[in-house]
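Let me begin by presenting the structure, written as structure tokens, before commenting on it.
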Amino acid sequence: MSLLSIMTWGTLKAQNVEDVLDVKTLNFQGVDYQLGWSAHNSSQCIQEYFPKGQVPESYTDMFTISVFTNIVDGVTPTMAVAAKEAELEARKEKTKDVWNWSVMTNEETNEACIDFVCCSGKDGKLDVVEFDVHRYRMIQVDGKPALQLLFYSHRAYGDDITEMMNNLKDIRGKALLDIVDFNIDCNVKLK
């Protein structure tokens, strides 16, 4: 079974917003986030958090916590990042909407990060530009290893895209430092 097939959301369906991680709110970069969307099944979950007034369909900032409990022996955060990198490479070749990415690993903590910029638009005009940083790490769920993804996303729309791109170096630098230092305890309750 490939790592990509393990880490898919295809079998997840959004439910009423249900907190299966015991994390209703969090604070990232000095901003309070509230649980705004969730989905789970018996072996994986995803919960998305937004600052007050933002929604999944049109957010500027989002923080996501995902947990995969159905991992096979030997899966590492480095392997998860490699799978994400392969996904981005395929997307870049097919749709041309991923610009670049960077990978960092920390062998001491067995963690890995990937950050990237992607976009969407039509008729040669950008509608949305998004900067994402993913941090993968191993955690324990019911005494067994699980893979956790901490994911921060920052978007700009329309006329705000130029300003975001002009500030991307600072946005990226701060997000990378902050997500590496971010820790949150999850009490995973999958059914």
Side-chain angles (χ1 to χ4, degrees), residues 7-9 12 14 17 19-40 44-68 77-78 80-85 87-88 91-92 97-106 109-120 126-139 146-157 160-161 163-186 188:
M7 297 174 50
T8 62
W9 300 116
L12 294 180
V17 178
D19 180 15
V20 298
L21 298 176
D22 200 22
V23 179
K24 289 186 179 7
T25 63
L26 59 90
N27 185 288
F28 183 69
Q29 296 186 326
V31 176
D32 291 326
Y33 287 73
Q34 300 171 356
L35 180 60
W37 185 90
S38 67
H40 69 276
Q44 54 190 348
C45 63
I46 180 172
Q47 291 189 186
E48 295 178 347
Y49 301 81
F50 305 91
K52 188 174 181 175
Q54 295 187 32
V55 294
E57 299 79 19
S58 60
Y59 70 86
T60 301
D61 294 289
M62 176 184 70
F63 196 95
T64 301
I65 304 172
S66 302
V67 176
F68 305 86
T78 302
V81 164
K84 185 65 179 180
E85 191 170 18
E87 176 189 318
L88 291 172
R91 182 175 162 181
K92 182 177 182 178
D97 65 351
V98 177
W99 292 340
N100 53 29
W101 58 85
S102 178
V103 172
M104 297 175 298
T105 58
N106 185 332
T109 61
N110 190 26
E111 296 183 10
C113 291
I114 185 168
D115 68 283
F116 55 95
V117 177
C118 56
C119 64
S120 67
L126 292 177
D127 295 324
V128 179
V129 172
E130 180 174 313
F131 165 76
D132 293 341
V133 59
H134 293 200
R135 175 182 165 211
Y136 296 89
R137 65 187 193 145
M138 300 304 295
I139 63 170
L147 184 67
Q148 181 186 61
L149 165 62
L150 302 173
F151 163 14
Y152 170 70
S153 178
H154 178 75
R155 283 184 176 176
Y157 302 86
D160 294 331
I161 291 172
E163 181 180 349
M164 178 184 156
M165 295 309 295
N166 288 339
N167 295 313
L168 187 58
K169 181 178 178 183
D170 293 334
I171 293 168
R172 179 181 183 263
K174 183 166 177 30
L176 287 169
L177 287 174
D178 291 344
I179 204 159
V180 166
D181 288 339
F182 187 81
N183 287 304
I184 193 152
D185 292 322
C186 297
V188 181

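Computed from a predicted model, the values in this text were never measured in an experiment.
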Is there a side chain to side chain contact (heavy atoms under 4.5 Å, CB included) between Phe151 and Met62? Walk through the geometry before answering.
CA-CA 8 Å; Phe151 163 14; Met62 176 184 70; 4.1 Å; yes
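- For the pair Phe50 and Val55, the minimum side-chain heavy-atom distance is 4.5 Å or more.
- In this structure, the side chains of Met138 and Pro77 come closer than 4.5 Å at one or more pairs of heavy atoms.
- Between Glu111 atom CD and Met104 atom CE the span is 10.5 Å, to the nearest 0.5 Å.
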Stepwise, does the side chain to side chain contact (heavy atoms under 4.5 Å, CB included) test hold for Cys45 with Leu21?
CA-CA 8 Å; Cys45 63; Leu21 298 176; 3.4 Å; yes
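- Listed here is the closest heavy atom pair of Tyr136 and Ala80: CD2-CB, 3.6 Å.
- Closest approach of Val133 to Ile179, counting heavy atoms only: O-CD1, 3.8 Å.
- Using cut-offs of 30° and 60° for the angle between ring planes, the Phe28 and Phe63 rings count as tilted.
- Between the side chains of Arg137 and Asn183, a donor-acceptor pair is found at a separation under 3.5 Å.
- Contacts of Glu48 classified as salt bridge (charged side-chain N to carboxylate O under 4.0 Å, His left out), with partners at least two apart in sequence or in another chain: none.
- With rounding to the nearest 0.5 angstrom, the NE2 atom of His154 is 8.5 Å from the CG atom of Leu168.
- A distance of 7.5 Å separates CZ in Arg155 from OG in Ser120, rounded to the nearest 0.5 Å.
- Rounding to the nearest 0.5 angstrom, the gap separating the CZ atom in Phe131 from the CE atom in Met165 is 10.5 Å.
- Atom CG of Asp185 has 12 or fewer neighbouring heavy atoms from other residues, nucleotides or ligands inside a 6.0 Å radius.
- Inter-residue side-chain proximity for Leu150 and Ile65 is flagged as met; some heavy-atom pair is nearer than 4.5 Å.
- Residues Gln148 and Ile184 approach most closely at NE2-O, 4.2 Å, considering heavy atoms.
- Cation-pi geometry between Lys84 and Trp101 is not satisfied (NZ or CZ under 6.0 Å from the ring centre, within 45° of the ring normal).
- The shortest side-chain heavy-atom distance between Thr25 and Asp32 does not fall under the 4.5 Å cut-off.
- Separation of atoms CG (Asp115) and CG (Asn100) is listed at 8.0 Å; rounding is to 0.5 Å.
- In this structure the side chain of Val117 reaches within 4.5 angstrom of the side chain of Val129, judged on heavy atoms.
- Put simply, the side chain of Ile46 reaches to within 4.5 Å of the side chain of Trp37, judged on heavy atoms.
- The CZ atom of Arg135 sits 15.5 Å away from the CD1 atom of Ile114 when rounded to the nearest 0.5 Å.
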Take Tyr152 and Asp61 through the side chain to side chain contact (heavy atoms under 4.5 Å, CB included) test and state the conclusion after the steps.
CA-CA 7 Å; Tyr152 170 70; Asp61 294 289; 2.5 Å; yes
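- Heavy atoms only, all atoms of each residue included: Thr60 and Gln54 are closest at N-OE1, 2.7 Å.
- At least one side-chain heavy atom of Cys113 sits under 4.5 Å from a side-chain heavy atom of Val180.
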Does the side chain to side chain contact (heavy atoms under 4.5 Å, CB included) test come out yes or no for Cys186 and Gln47, once each step is laid out?
CA-CA 11 Å; Cys186 297; Gln47 291 189 186; over 6 Å; no
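- Contact annotation: the side chain of Asp160 never approaches that of Met164 to less than 4.5 Å [non-hydrogen atoms, C-beta and beyond].
- Using a distance-only test at 3.5 Å, with no hydrogens or angles considered, no donor-acceptor pair links the side chain of Tyr59 to the main chain of Ser153.
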